[in-house]
Student: 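Here it is, the structure in full.
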Amino acid sequence: MSGTTTAAAGLRRRTAGAGADRWVVLVVLCVSLLLVAVDATVLHVAVPAVTEDLRPDGIELLWIVDTYPLVCASMLILFGTLGDKVGRRRILLLGYALFGVASALAAFAGSAQTLIAARALLGVGGAMIMPATLSILRQVFPDRRERALAVGIWSAVAAVGAAIGPLLGGFLLEHFWWGSVFLVNIPLMLVSLPVGRLLLPESRGAEDGPWDVVGALMAAAGLFGVVLGVKRLGGGELGPFTVVPLAVGAVLIVLFVRRQRRRTHPLVDLGMFARPAFSTAVGCIVLAMLALVGLELIAAQYLQLVLGLSPLETGLRLLPLTFAAMAAGLAGARLLRGFGPRRMVCGGFLLTAAAVLVLTAMGGSDNAGLLLSGFLLLGFGLETTLFAAYESMLSEAPQEQAGGAAAIGETSYQLGAGIGIALLGTVMNAAYAPGLSSVPGVPASASAAAGHSLGEAYEVAGQLGGPAGAALRHVAKDSFVHGLHVTLLVSAGLLLLGAAMALRLPRIMQCEAPPAGVGVPAPREVVQSRVSA
């Protein structure tokens with residue numbers, strides 16, 4: 001009898017994440033997220049070494065860099081909804097295994113084609129891991145107050161991973177070969193796989209109806225086409241290889257939405273978007289990422305090409321942004337209880353817009369104090385926005401749809417990032433290029449080439465030499481700063497739009513008592529954390 005009772009208690013803990021065990025589960029989930037976030041950026045500093053060793057052509061090099069985020073973004077809905085059907089823990093553990101195998105293949109790749117294939121497998125593994133971590137977190141923390149704290153820690157870890165990727169890659173490249181940036185994943189995955197199998201609870205959504213395989217493949221192919229097209233637009237490429245994937249992807253997504261509306265048991269419950277809090281939170285994630293990624297890209301170019309900082313110095317200058325984001329994530333739960341979703345997301349957007357306007361004072365000379373204050377405000381404001389939007393989205397979704405909701409959130413994140421690079425990059429180029437159209441002593445062909453980017457302008461100036469080269473370099477630098485100011489103003493407008501959108505979010509954070517028997521504190525009545533007048 002006692003053995004049966006003990007087994008039943010153990011089963012409840014395994015399926016619900018009881019007591020203090022849920023915080024151990026959070027640690028395992030955060031380690032998973034850290035690996036995926038690091039891998040998204042760790043290769044950036046290794047590109048020169050990979051180019052020297054594998055000799056890829058321009059197309060192959062582009063695919064080496066872009067395959068991972070492309071595949072990962074396109075398969076988030078596929079694996080997020082599959083986890084709801086067959087078990088989120090099972091999908092997460094499979095993702096661990098695939099991530100480890102793909103890391104070994106990438107580390108010892110002898111050709112560009114092999115490295116591209118390995119990066120694609122890494123993207124599949126990442127798509128398994130990302131939504132599973134967030135959906136398991138949703139299930140393990142049924143109490144919204146605790147879940148808000150857990151989501152804050154989760155988002156802080158994501159910020160850390162994105163920041164340490166280039167630093168870790170630079171350290172490994174100084175002491176080992178480029179493949180070592182992938183090998184670091186293997187020991188961590190070897191530990192995470194048995195630990196995750198032992199500690200993580202299994203959960204799944206509703207058992208009604210079969211999993212829509214055709215719909216999942218349509219969503220994956222459609223998202224792949226859209227993300228690919230958006231990325232190519234961000235690179236300034238407008239041709240059939242950009243327009244066709246974008247158009248085909250958009251058509252597939254429209255067909256996917258129509259298919260889901262007709263099905264009795266849809267792959268993704270589109271009814272979630274009828275909830276104002278859910279749809280608004282998703283829109284806020286897109287707008288926040290749209291502003292963040294484009295600004296980070298342009299800021300890195302400004303620090304290196306205008307101020308002349310090295311890549312390491314550039315990374316160190318951007319660290320305050322990461323530290324501020326970590327602080328916002330860790331303080332997010334308390335802020336959300338005190339201010340509520342509406343004021344927190346709206347305030348985060350307004351704070352970020354203020355940071356962007358502060359950064360418009362950047363000029364051709366270094367102003368370390370200005371950059372420090374601007375990056376601190378930017379990091380804290382954006383992470384505040386993202387945290388509150390993610391938490392609201394996750395809390396609005398039914399628990400049985402947690403995997404699909406997490407996948408929608410992560411897909412919105414990726415789409416926002418891609419659109420941000422395309423949109424703000426286009427604005428930057430439109431404001432930058434006209435200033436180089438008539439530089440005294442510079443041929444029209446050289447001016448046209450210099451108008452593509454500031455880096456290319458410096459190359460052309462070096463080839464010209466003399467007064468003409470010096471004049472081109474000076475004008476290009478001034479034009480870039482002008483384009484930066486215009487881009488920052490456009491970004492501030494988008495952030496203000498996000499603040500207006502956030503007014504549709506709930507004013508208060510509603511915390512319902514968790515279901516009995518899940519190992520959380522004693523059931524309480526519905527609590528409303530009201531905003532002070």
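FYI, the numbering just counts along the sequence from 1. For clarity, every value in this text was computed on a predicted model and none was experimentally measured.
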Student: Do L321 and L376 come within less than 4.5 Å of each other through their side chains, counting heavy atoms only?
Tutor: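 Of all side-chain heavy-atom pairs linking L376 with L321, none is under 4.5 Å.
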Student: Rounded to the nearest 0.5 Å, what separation is found between the CG atom of L92 and the CG atom of L29?
Tutor: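 Interatomic distance, L92 CG to L29 CG, rounded to 0.5 Å: 7.0 Å.
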Student: Measuring only between side-chain heavy atoms, which start at C-beta, is V254 closer than 4.5 Å to V257?
Tutor: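 Answer no - side chains too far apart.
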Student: Which residues pass the ring pair (Phe, Tyr, Trp, His ring centres under 6.0 Å) test with Y390, sequence neighbours left out?
Tutor: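 So Y390 forms a ring pair (Phe, Tyr, Trp, His ring centres under 6.0 Å) with W154.
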Student: What distance separates M189 CE from L98 CG, expressed to the nearest 0.5 Å?
Tutor: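 Answer rounded to 0.5 Å: 9.5 Å.
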Student: I need the full list of side-chain hydrogen bond (donor to acceptor under 3.5 Å, both in side chains) pairs touching residues 100-110, with sequence neighbours left out, sorted by first then second residue.
Tutor: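 Applying side-chain hydrogen bond (donor to acceptor under 3.5 Å, both in side chains) to every pair that reaches into residues 100-110, excluding sequence neighbours, yields S103-N185.
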Student: Under the side-chain contact (heavy atoms from CB on, under 4.5 Å) criterion, do V490 and T487 qualify, and how do the steps go?
Tutor: CA-CA 5 Å; V490 171; T487 305; 5.7 Å; no
Student: Which heavy atom of A355 sits nearest to which heavy atom of G374, and what is that distance?
Tutor: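 Taking every non-hydrogen atom into account, CB-O, 3.6 Å.
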Student: List for me each residue that meets ring pair (Phe, Tyr, Trp, His ring centres under 6.0 Å) alongside F278, sequence neighbours excluded, and say none if there are none.
Tutor: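 Here the qualifying residues are F273.
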Student: Rounded to the nearest 0.5 Å, what's the gap from CG on L217 to CE on M75? Could you check?
Tutor: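 Spacing of CG (L217) from CE (M75) equals 8.5 Å.
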Student: Considering non-hydrogen atoms only, spot the tightest contact between G123 and V71 and give its length.
Tutor: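 Heavy atoms of G123 and V71 come nearest at C-CG1, 3.9 Å.
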Student: Who passes side-chain contact (heavy atoms from CB on, under 4.5 Å) against A502, sequence neighbours left out?
Tutor: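 A502 satisfies side-chain contact (heavy atoms from CB on, under 4.5 Å) with C284, V345, C346, L505 once adjacent residues are dropped.
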Student: Taking all heavy atoms of V31 and all of S192, pick out the closest pair and write down the distance.
Tutor: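 V31 and S192 have their closest heavy atoms at CG1-OG, 3.9 Å.
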Student: Can you tell me if T280 and R504 form a side-chain donor-acceptor pair at under 3.5 Å?
Tutor: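 Yes, R504 and T280 have a side-chain donor paired with an acceptor closer than 3.5 Å.
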Student: Would you name the heavy atoms of L351 and F380 that are closest together and state the gap between them?
Tutor: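 Taking L351 first and F380 second, the nearest heavy atoms are CD2-CD2, 3.8 Å.
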Student: So D478 and H482, side chain to side chain donor-acceptor pair (under 3.5 Å) or not? Walk me through it.
Tutor: CA-CA 6 Å; D478 288 345; H482 168 70; over 6 Å; no
Student: Quick one, T385 and I285 - any side-chain contact, counting heavy atoms below 4.5 Å?
Tutor: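 Not in contact.
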Student: Do F349 and L287 make a side-chain contact, defined as non-hydrogen atoms from C-beta onward lying under 4.5 Å apart?
Tutor: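 Yes; the side chains approach each other to less than 4.5 Å.
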Student: Test side-chain contact (heavy atoms from CB on, under 4.5 Å) on V358 and L370; report intermediate values, then the result.
Tutor: CA-CA 8 Å; V358 166; L370 173 73; 3.5 Å; yes
Student: Walk me through whether M128 and Y96 qualify under side-chain contact (heavy atoms from CB on, under 4.5 Å).
Tutor: CA-CA 8 Å; M128 290 179 169; Y96 284 164; over 6 Å; no
Student: Please test L378 against T352 for side-chain contact (heavy atoms from CB on, under 4.5 Å), starting from the C-alpha separation and ending with a verdict.
Tutor: CA-CA 5 Å; L378 186 65; T352 308; 3.5 Å; yes
Student: Quick check: closest heavy atoms across G249 and V226, and the distance to 0.1 Å?
Tutor: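 Nearest heavy atoms, G249 then V226: C-CG2, 3.6 Å.
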Student: Just wondering, do F79 and V124 contact through their side chains at under 4.5 Å, heavy atoms?
Tutor: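 A side-chain contact exists here, since the closest heavy-atom pair is under 4.5 Å.
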Student: May I ask you to decide if A388's main-chain N or O and S392's side chain share a donor-acceptor pair within less than 3.5 Å?
Tutor: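 Yes.
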Student: Any sub-3.5 Å donor-acceptor pair from S111's side-chain atoms to T114's backbone N or O?
Tutor: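 Yes: the side chain of S111 pairs with the backbone of T114.
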Student: Would you give the length of the straight line joining atom CZ of F375 to atom CG of L359, rounded to the nearest 0.5 angstrom?
Tutor: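 Result: 6.0 Å between the selected atoms.
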Student: Heavy-atom distance under 4.5 Å between the side chains of V481 and M362, does that happen here?
Tutor: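 With C-beta onward as the side chain, the pair stays apart.
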Student: List for me each residue that meets ring pair (Phe, Tyr, Trp, His ring centres under 6.0 Å) alongside F108, sequence neighbours excluded, and say none if there are none.
Tutor: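 In terms of ring pair (Phe, Tyr, Trp, His ring centres under 6.0 Å), with neighbours along the sequence ignored, F108 is linked to W177.
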Student: Using every non-hydrogen atom in the two residues, find where A328 and T384 come nearest and quote the distance to one decimal.
Tutor: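 Looks like CB-OG1, 3.7 Å.
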Student: I need the M344 CE to L335 CG distance, nearest 0.5 Å.
Tutor: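 Result: 5.0 Å between the selected atoms.
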Student: State the CE-CZ distance between M428 and F480, to the nearest 0.5 angstrom.
Tutor: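 If we round to the nearest 0.5 Å, M428:CE and F480:CZ are 3.5 Å apart.
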Student: I'd like a table of donor-acceptor pairs (distance under 3.5 Å, sequence neighbours excluded) in which one partner is a side-chain atom from residues 492-500, with atom names and distances.
Tutor:
none

Student: Tell me, do L386 and M289 make a side-chain contact under 4.5 Å, heavy atoms counted?
Tutor: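 Of all side-chain heavy-atom pairs linking M289 with L386, at least one is under 4.5 Å.
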Student: Quick one: are M326 and F323 in side-chain contact, heavy atoms under 4.5 Å?
Tutor: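 Side chain of M326 against side chain of F323, heavy atoms only: contact under 4.5 Å found.
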